[in-house]
Amino acid sequence: MRTIQYNQIVEVVERLCIECAHELPADVLTALEAAVRSERNARARRILEQLVRNAGIARDDRIPLCQDTGLAIVFIDQGAGVAVAAPDDRPAATLYDAVNEGVAFGYEKGLLRKSVVAEPLRERLNTRTNAPAIIHHRVVPGDRLSISLMTKGGGCENKSQFKMFNPTETTDAVCDWITEVVRQAGASACPPFVVGIGLGGDFELSCLLSKRALLRAMADSHPDDFYADTERRLLEQINALNLGPQGLGGDTTALAVKIETAPCHIASLPVAVNIECHSHRHKSALL
Amino acid sequence: MQLQTPLTDSAVRALRAGDEVAISGTVYAARDMAHQRLCALLDRREPLPLDLHGAVIYFVGPTPAAPGRAIGSAGPTTSSRMDAFSPKLLAAGLKGMIGKGYRNEMVREALRTYGAVHLAAIGGAGALLSKHIVASEVVAYEDLGAEAIRRLVLKDFPAVVAYDVYGNSIYEMRSAE
């Protein structure tokens with residue numbers, strides 16, 4: 001069994017938090033630059049140019065891309081042949097503790113905004129560390145440990161939606177509902193969006209798939225031709241809304257649509273739509 | 001178009017939805033929790049920690065400032081979350097707000113009634129917008145951290161008039177463009 005030291009995880013997560021806040025992924029920046037060239041609405045083009053400039057300032061001057069440096073969502077794929085060694089003085093500490101420690105250090109050292117409250121309804125006191133992270137953990141073959149961090153803002157997450165369709169529902173009806181969810185997200189959620197879609201599974205799995213879909217590269221498409229076509233068709237349908245950057249009109253309402261699927265019950269067709277803003281921040285590390 | 005704060009009646013009435021403005025002068029940073037507290041004070045007829053007459057509130061919770069800088073990343077947050085509170089503040093003298101996205105009918109009615117304006121700044125451009133904020137100090141509710149009320153000094157801060165005093169909305173004009 002291969003082992004990884006606890007502190008190595010802490011350090012990697014800390015670094016990923018700071019990188020996420022300041023460096024827009026290259027493929028997202030490329031998508032914004034392509035939109036500047038393809039956009040026909042003059043105001044929309046100016047806004048897209050400012051988003052490209054914003055990314056440059058964030059990188060060069062080390063100012064976070066967005067003041068909402070997000071909730072830390074951490075996707076871990078742990079090889080069956082790799083274990084995390086707890087620190088000598090804390091034998092009970094786990095991988096999850098290491099992730100939360102890394103988030104706390106990263107948000108403190110990186111001068112990032114701490115946007116997490118300890119409980120949702122009674123007092124909503126800020127935890128002042130940006131921990132805990134949301135952790136999604138899978139066991140996979142091999143002896144490596146992969147960590148993907150997504151820092152997601154509240155404005156776009158608030159506009160995400162879920163709906164249970166009848167299993168006999170048409171693709172048209174599902175696509176129309178997804179497009180309507182994007183229209184309702186509107187100006188508040190910072191378009192142009194990346195739209196993550198989870199189809200199938202059950203109530204919670206479809207929602208998780210819709211977020212996992214956002215980890216895919218901007219330029220790729222679904223390996224299954226039917227779903228790849230559905231991604232393209234949805235992107236066209238969404239960009240015909242004339243919502244545009246900041247909701248002020250234009251051709252660029254979404255930069256990409258990503259679908260992930262899972263087997264589901266004969267009675268169910270769960271559909272989840274995760275709205276992600278143009279500041280689509282995620283970074284990965286392989287240990 | 002240059003826009004100097006605090007806002008006068010005539011300055012507000014000169015603005016039309018769709019106008020692009022460069023804002024200079026003092027504004028107050030406040031978001032959800034600060035709005036809730038301000039409205040609670042107004043309900044109890046207690047004094048506010050800021051002078052609302054002619055004031056502009058910017059819906060923002062910035063990141064901490066790096067050494068030598070006035071402020072960290074500082075773009076607008078979603079305006080509609082303040083819809084429940086804004087009419088009360090407009091009745092108390094507030095003249096302008098800066099945020100992102102739509103306002104509801106109650107807020108639009110209050111803008112017409114009290115002669116005020118709502119401006120949209122670019123959401124997700126917090127690094128770029130921070131270059132137009134030259135000073136920042138906490139004036140109330142320090143316990144709220146990023147959500148504290150701050151006095152900010154803006155210099156040519158770019159925004160667009162989203163809702164004017166005449167009931168027009170930029171979001172309803174987009175199909176005409």
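Just so it is clear, the values below take in all heavy atoms, side chains as well, and ignore hydrogens, waters and symmetry mates. In what follows, chains are A, B, ... by sequence order, proteins preceding strands, each numbered from 1.
- For a residue to count as touching a neighbouring chain, one of its non-hydrogen atoms must lie under 4.5 Å from one of that chain's; by this rule B/S130 touches chain A with the side chain only.
- Within 6.0 Å of atom CZ in A/R40, 12 or fewer heavy atoms from other residues, nucleotides or ligands are found, so the atom counts as exposed in its surroundings.
- B/T77 and A/Q67 make their closest contact through N-NE2, 4.5 Å (heavy atoms, listed as atom of the first residue, atom of the second, distance).
- In this structure, B/G123 and A/L51 approach most closely via the heavy-atom pair O-CD2, 4.2 Å.
- With hydrogens and angles disregarded, a donor-acceptor distance shorter than 3.5 Å links the side chain of B/Y102 to the backbone of A/A187.
- Each of A/G153, A/C66, A/S188 has some count of heavy-atom pairs under 4.5 Å with chain B, and the biggest count is that of A/S188.
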- Pair B/M173-A/L248, side-chain contact (heavy atoms from CB on, under 4.5 Å): steps then yes or no: CA-CA 8 Å; B/M173 295 161 65; A/L248 300 180; over 6 Å; no

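- Of the charged side-chain nitrogens involved, at least one lies within less than 4.0 Å of a carboxylate oxygen, so that B/E20 and A/R46 count as a salt-bridged pair.
- Looking at A/L111, the atoms closer than 4.5 Å to chain B (heavy atoms on both sides) sit in the backbone and in the side chain alike.
- Of the atoms belonging to A/R124, not a single heavy atom falls under 4.5 Å from chain B.
- Your options are B/E147, B/M33, B/K100, and the one with the most heavy-atom pairs under 4.5 Å with chain A is B/K100.
- Note that CG of A/L112 is 7.5 Å distant from OG1 of B/T63, once rounded to the nearest 0.5 Å.
- Most heavy-atom pairs under 4.5 Å with chain A: of the set B/G126, B/A127, B/A162, this distinction falls to B/A127.
- Although no hydrogens or angles enter the test, the distance criterion places a donor-acceptor pair under 3.5 Å between the side chain of A/N54 and the main chain of B/G124.
- Looking only at heavy-atom pairs under 4.5 Å with chain B, the residue among A/R128, A/R62, A/H22 that has the most is A/R128.
- Judged by distance alone, the side chain of B/S73 and the main-chain N or O of A/P64 form a donor-acceptor pair under 3.5 Å.
- A donor-acceptor pair under 3.5 Å links the side-chain atoms of A/R113 to the main chain of B/G61, judged by distance alone.
- For B/A74, the part lying under 4.5 angstrom from a heavy atom of chain A is the backbone only.
- In the displayed structure, A/Q161 atom CD is contacted under 6.0 Å by more than 12 heavy atoms of other residues, nucleotides or ligands.
- The closest donor-acceptor contact from the side chain of A/Q246 to the backbone of B/I122 lies at 3.5 Å or more, if one exists at all.
- More than 12 heavy atoms of other shown residues, nucleotides or ligands fall within 6.0 angstrom of atom CD in A/E119.
- A salt bridge links B/K131 with A/D61: at least one charged nitrogen is closer than 4.0 Å to a carboxylate oxygen.
- Side chains of A/N158 and B/R81 form a contact here, defined as non-hydrogen atoms less than 4.5 Å apart.
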